[in-house]
Amino acid sequence: MADLPNREIAAALDELGDLYELDGAISHRVLAYRNGAKAVREATQSVGALAREGRATELPGIGATLQEKIVALVVDGEIPARAKLKAKYPEGLLEITRLPGVGPKRVRLMFTELGIDSLASLKAAAEGQQLRGVKGLGPKFEESVLASLEAGLGEAPAPRVLLSQALREGEAIVAGLRAHPTANRVELAGSARRLADTVKDLDVIATADDPAALTAALAGLPEIESAGTAGENAAKGRTHTGLSIDLRVVEPDQFGNLLQHFTGSARHNIRLRENAVKKGLHVSEYGILDDATGETLRCATEEEVYAKLGLPYVPPELREDRGELDPGFAVPPLVREEDLLGDLHCHTVASDGRNTIEEMAQAAIERGYQYLAITDHSATHGFGNHVDPDTLRRQIERVRTINAQLDGFELLIGTETNILPDGSPDYDDELLAELDWCIASVHTAFQTPRAEMTKRMIAAVEHPWIDAIGHPSGRKLGRRPGYDVDLDAVIEAAARTGTMLEINGAPDRRDLDDIHARAAAEAGVKILLDSDAHGTDRLGNVRWAVATARRAWLGPEHIANTRPWPEFAALRRRARG
DNA sequence: GCCGTTTTCGGCCCGACTGTTTTCAGTCG
């Protein structure tokens, strides 16, 4: 039987948590479901299969009860408790909780007292001033509900933007604030600082000689479209693209506490605080209260916060409650952009790129690289120009000619070949053997069923002339999940054959993701960080691949293209036989 | 519902804000 993808099991647990919350369950029980959902979402094995073997309880946060519910879901297609609660609470209730200031308690209250079960019936009741008749609700609540409905909130979850866009705006705002004469320290916090895939809003923490002058300055920055009234120590604003931003100016001796708190993640902070309580320490954004002395320790730097708790400093990218607070944790060396010596995935005008081979090579040299592989799309790609076998043969000659003229730089001729539905590449083996490099990717037939897709990708991994798999999951952030494939099996095959797996740096890909990249590296797979540049100005996209690699706890030794060309050359599948 | 240098029960982060409250519950980050 084909198991449900982990993301669907996780969604079911999240929904069950929401339903229990509506039902008035204690918060810890609700949290247990959300923690369970996180564990499932971050698992690299099929949790459905694990649960049927009775091994899902090995995941942190999954106990006997959750395992039983997962088994019910994958075997019977439904969890009895979920069916029962869904019958009890209409679907419209959950979307009402998206309104600010309206949570599960008030939704249940309005449902039981007034029968409100949708945004529409809520609107009618608020307009008819019926909400104020309910004990615990008043006219102010009615007004705020109407204002939120008017603003269209509740109709869709708050949008998240790609990290690339969030940092473009956030870094400009930070630079603008730092340039203000009263500013001292200014740092971006939140998920943007953790280099997460996507970002909901920007948090900036600062110190200043004159805090009110700095909060007032926010509204004047060119990136800010509108700003609320600035307070003494805080200001809110919105950028021209609609991203909201919070600025907080704090005392210098609490800067470390605030920066740590607002960098998150929430789960990292919860774990950090739970562990601290066992040592008699209570952590908040204002300091660390020591039970033994009754004193609150203030920290000017984040390093002090972690040191006071007896912990190694945790880099922001690792703060996701994925083991970074476990006893014995040692900070791993993390790869940096300057560690990279080459890029193995880019396009030229021969397929759908914007620059020539020469221009791409020159841009790579200017970045300080030692090698670059030209990897245009193969014949059946379906958009852009098709590089048919004869065109590729001519391209081989051209690249060899150009390479002969370059000193101290290796220009490689490669391809990004399609993985056809049967798992074979687009060119015959003879032609592939003539190349220096071959990366293979899925660009078609995304809807292939899981078992077939897994077989298809493993066939590509096992192919003797395929050196690496490009964007292995096929996800597009904010647009589609990856195709249905058992990535764990693909990783196992890659480890066995010595085929590399890519972290693609296109800002809406970052594929492999951090979870699977970490699993792949742990399995011994060599990881490739590529830009997938379609122009000279996009080689820098490798930054987003580096961000994902760091979130995957990867250091230079895990990454193939941190190696000088002779070493890298020997690592290629084609060189290993 | 999970979990164990306070082990199989009794705990389970911390604080701000809001509105409705007369000491607090709900929501949010």
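All heavy atoms count here, side chains included; hydrogens, waters and symmetry mates do not. Quantities reported herein were computed from a predicted structural model and do not represent experimental measurements. Naming: A, B, ... by sequence-line order, numbering from 1 per chain.
- Phosphate contact (OP1/OP2 of B:dC13, side-chain N/O of A:R273, threshold under 4.0 Å): absent.
- Residue-level contact check: A:L272 touches neither bases nor backbone, having no heavy atom under 4.0 Å from any strand.
- For the C1' atoms, the distance from B:dG19 to B:dT23 is 14 Å, rounded to whole Å.
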Trace of the side-chain contact (heavy atoms from CB on, under 4.5 Å) decision for A:R475 with A:D197:
CA-CA 12 Å; A:R475 73 171 181 169; A:D197 289 336; 3.2 Å; yes
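- Residue contacts for A:I26: at a heavy-atom cut-off of 4.0 Å it reaches a base atom on one of the strands shown.
- Between A:Q254 atom CD and B:dG15 atom P the separation is 12 Å, expressed in whole Å.
- A straight line from CG of A:N257 to P of B:dC13 spans 19 Å, rounded to a whole angstrom.
- Listed nucleotides: B:dC13, B:dC14, B:dG1. Nearest to the side chain of A:E274: B:dC13.
- The distance from atom CZ of A:F262 to atom C1' of B:dG29 is 7 Å, rounded to the nearest whole Å.
- Nearest-nucleotide assignment on DNA chain B puts the 5′-proximal partner with A:V277, out of A:V277 and A:G136.
- Of the candidates B:dT27, B:dT20, B:dC14, the closest approach to any side-chain atom of A:R106 belongs to B:dT27.
- Taking the ring centre of A:Y20 as origin, the terminal cationic atom of A:R34 falls outside the region bounded by 6.0 Å and 45° from the ring axis.
- Between the CD1 atom of A:I503 and the NE2 atom of A:H516 there is a distance of 12.5 Å, given to the nearest 0.5 Å.
- Annotation: the span from A:I491 atom CD1 to A:L512 atom CG amounts to 6.0 Å, rounded to 0.5 Å.
- Checked against B:dT27, B:dG15, B:dC2, the side chain of A:K105 finds its nearest nucleotide in B:dT27.
- When distances are taken from the side chain of A:L66 to each of B:dG29, B:dC13, B:dC2, the shortest belongs to B:dC2.
- The same atom, P, is picked in B:dC12 and in B:dT7; the two are 14 Å apart, to the nearest Å.
- Atom name C1', nucleotides B:dC14 and B:dT8: the rounded distance is 29 Å, in whole Å.
- Side chain of A:K140, nearest nucleotide from B:dT27, B:dT20, B:dG29: B:dT20.
- Residue A:P327 is out of contact with every strand shown, counting any heavy-atom pair closer than 4.0 Å.
- With A:W544 as the aromatic partner, A:R510 does not meet the cation-pi criteria of under 6.0 angstrom to the ring centre and within 45 degrees of the ring axis.
- Atom C1' of nucleotide B:dA16 and atom CG of A:N233 are separated by 14 Å, given to the nearest angstrom.
- In this structure, A:A64 and A:S144 both approach DNA chain B, and ranking their closest nucleotides by distance from the 5' end singles out A:A64.
- Atom pair A:E143:CD and B:dG19:C1' shows a separation of 12 Å (rounding to whole Å applied).
- Residues A:M110 and A:V102 have side chains in contact (heavy-atom distance under 4.5 Å, counting atoms from C-beta outward).
- Going from the C1' atom of B:dG26 to that of B:dT20 covers 11 Å, rounded to whole Å.
- Between A:L487 and A:S473 the shortest side-chain heavy-atom distance falls below 4.5 Å.
- The shortest distance between the side-chain N/O atoms of A:H28 and the OP1/OP2 oxygens of B:dG1 is not below 4.0 Å.
- Between A:L289 atom CG and B:dC13 atom P there is a gap of 15 Å when expressed in whole angstrom units.
- B:dC3 and B:dG10 make up a base pair, with Watson-Crick or G-U wobble contacts both under 3.5 Å.
- At least one side-chain nitrogen or oxygen of A:T65 sits closer than 4.0 Å to the OP1 or OP2 atom of B:dC2.
- In the set B:dG1, B:dT20, B:dC13, B:dT20 carries the atom at the smallest distance from any side-chain atom of A:F141.
- When the P atom is used for both B:dT5 and B:dG1, the distance is 23 Å, rounded to whole Å.
- The same atom, C1', is picked in B:dA25 and in B:dT21; the two are 9 Å apart, to the nearest Å.
- Annotation: B:dG29 and B:dC13 have their C1' atoms spaced 12 Å apart (nearest Å).
- Nucleic acid contact class of A:K69 (heavy atoms, under 4.0 Å, all strands): sugar-phosphate only.
- If you measure from atom CZ of A:R248 to atom P of B:dA16, you get 11 Å, rounded to the nearest angstrom.
- The residue A:G264 sits apart from the nucleic acid: no heavy atom pair falls under 4.0 Å.
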Check step by step if side-chain hydrogen bond (donor to acceptor under 3.5 Å, both in side chains) holds for A:T239 and A:E223.
CA-CA 6 Å; A:T239 71; A:E223 292 79 17; over 6 Å; no
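- In this entry the base of B:dT22 is anti relative to its sugar, with a glycosidic angle more than 90° from 0.
- Counting any heavy atom pair closer than 4.0 Å across all strands shown, A:V283 reaches sugar-phosphate atoms only and no base atom.
- Rounding to whole angstrom units, CG of residue A:N269 and P of B:dC12 are separated by 18 Å.
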